[in-house]
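Worksheet for the structure shown next.
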Amino acid sequence: MTVRVRFAPSPTGHPHIGNIRTVVFNWLFARQNNGKFILRIEDTDRTRYVEDAVKVITDSLTWLGLDWDEGPDKGGPYGPYTQSKRLDIYREKAEELVAKGLAYRCNCKPERLEKIREENLAKGLNPMYDRHCRDLPPDAVAPNEPHVIRLKVPLEGTTTVHDELKGDVTFDNTQINDQILLKTDGFPTYHLAVVVDDHMMDITHIIRADEWLPSTPKHVMLYEAFGWEPPIFIHVPLVLGQDGKKLSKRHGAVSIADFHRQGYLPEAVFNFLSLLGWSPGEGDEQEIFTREELIERFDIERVNLAPAVFAYDKLDWMNGVHIRNMSEEDLLHKLIPVWQEVGFISTPVQAEMLRKLEKLVPLVQERLKTVRDVIPLTDFVFTDIEMLPAEELIGKKMTVEQSIEALQKTQALLATLVNFDDKEMEQPMRDLATELGLKAGQLFTIVRNAVTAKTVTPPLFGLLEVIGRETTLRRLEQAEETLKSLLDSQAEVTD
RNA sequence: GCCCCCAUCGUCUAGUCUGGUCUAGGACACAGGCCUUUCAAGCCUGGUACAUGGGUUCAAAUCCCGUUGGGGGCACCA
């Protein structure tokens, strides 16, 4: 039997990492079993529909490399894959249950329902429908008057859900509501639609979040009512926010699009998500996985039962590892759009600039946690700098005069270098430091501060090469002037 | 309120099913050190956890029960 799993989001906004972690599990499971991964849009709530949500969802999946075999855009043998286009099917199925006496029409007003709900809550009971319409004569509610169709839940006994991870979970039928299957507007509720579609689309494994476990007995009842074999249920734990609560729209910015925007790599996010609730175990302590390794190694049976808190620290580290593991060329192509976005370089990239960028990549590679980090690390290469205040241009344990001299000698040296390149300038600069009676670090720091206007940068000489001789010399001179004015002003004070 | 799920370092987790090799292992973060032109990266070192009470057993992080704690669900939302 071919494994068929699905991701069935409702188009109400951006999918967040909690949803997507569950998608990762589904996708991994499908791929490692040579099965099918299906995308189905559950747009049965017209009040919550968000216009571009489907596109946001597909873009997020695509960015993460979670490709689907059947879906609204792709089609497939089980379509349509958008529930709003399957309304006739749900109606027919609901009517079928009414005909069988397993469901009934209900025309109770929302106000009445709300009243019952409050009364029950006040009495400490489950806030359930009082089944007012359940035993009305079959023609009490005319098919053409506004009404809903409800499931006739057994009044006694228990319903057991077999979950692949948790084992048997038994629910008392008296705690289960006569669930609405078909709404007044003719749309199905989630419970009807999901059961009908999962069955009709031959879904073999339902891998979804724990929040669905309490409603699963209703689904089991529906499978029984239709006379269908239920799929295998696998409820995986939720992903919690830093506050220990279920992730949701109003919690931290955790949509997949945000991760993209913030400079995380899809392979790192994918790697991280797959380890949120799963680990290889059995003594294997590997943390960094490629997509292929994950497909091979992932084991749905080993998914942890406890919910996991999503924390950025480890993702940042993991993203850095993936950046370091990339080839310089691949990284370059991740960095170019970042530089373009902030206007440092043009689109398309000029040939001469491209050569500079290639030089920059190895300089920044091991210093990046996200690709966006490249901005503050290299801005002074592309834009004019604002000279640091004079005090910060003075070398460590040095006088202003000494610092000025160091800047002058450096300019003289760099002006005469035959090739203005990284390797050729280092040794002469070290010699210069010795000549000036300075430690190399003292001299380099002065130059760094003067040319980059930062006290922390990637390796200096590589940067100077990319910045170029002309700009480097100009900035050194400006720094020298700045220090000289400091000297002058001090002299005035002394006078 | 009722129902359900869960429980190992701050966080992600290994170990739990198949009790002993666990004075509990790894990773992130943190602290200290080495390296070093700054920052990173890398390497070394360190601290921190089996929620709790009771069983079962020669022996329990591992099995059972209670308690506590956390989470989820109880819609004409998914």
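Here is the naming used below: chain letters follow the sequence lines, and residue numbers restart at 1 for every chain.
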Do any side-chain nitrogens or oxygens of A:R324 fall under 4.0 Å of OP1 or OP2 in B:G42? yes
Ignoring backbone atoms, establish whether A:S279 has a side-chain N or O less than 4.0 Å from OP1 or OP2 of B:C12. no
May I ask you to say what A:F272 touches in the nucleic acid, namely base, sugar-phosphate or nothing, with a heavy-atom cut-off under 4.0 Å? nothing
Below 4.0 angstrom from OP1 or OP2 of B:C77, is there any side-chain N or O of A:K183? yes
Atom CD of A:Q179 and atom C1' of B:G73: how far apart are they, to the nearest Å? 12 Å
N/O donor-acceptor pair, side chain A:K314 with base B:C12, under 3.5 angstrom: yes
Would you indicate, yes or no, if B:U37 has its OP1 or OP2 atom less than 4.0 angstrom from a side-chain nitrogen or oxygen of A:R430? yes
Candidate nucleotides B:U38, B:A78, B:C3, ranked by approach to the side chain of A:Q175 - the nearest: B:C3
Minimum-distance nucleotide to A:S10 side chain [options: B:A78, B:U37, B:U11]: B:A78
Distance check needed: B:A41 P versus A:W317 CH2, whole Å only. 12 Å
From B:G72, B:U37, B:A29, pick the nucleotide closest to the side chain of A:P214? B:G72
Assess the side chains of A:T160 and A:T170: does a donor N or O sit below 3.5 Å from an acceptor N or O? yes
Just the rounded figure in Å: distance from P of B:U8 to CG of A:L305. 11 Å
Mark yes or no: A:R297 above the aromatic ring of A:F289, with NZ or CZ under 6.0 Å from the six-membered ring centre and no more than 45 degrees from the axis. no
Establish, with yes or no, whether the OP1 or OP2 oxygen of B:A14 is under 4.0 angstrom from a side-chain nitrogen or oxygen of A:N304. yes
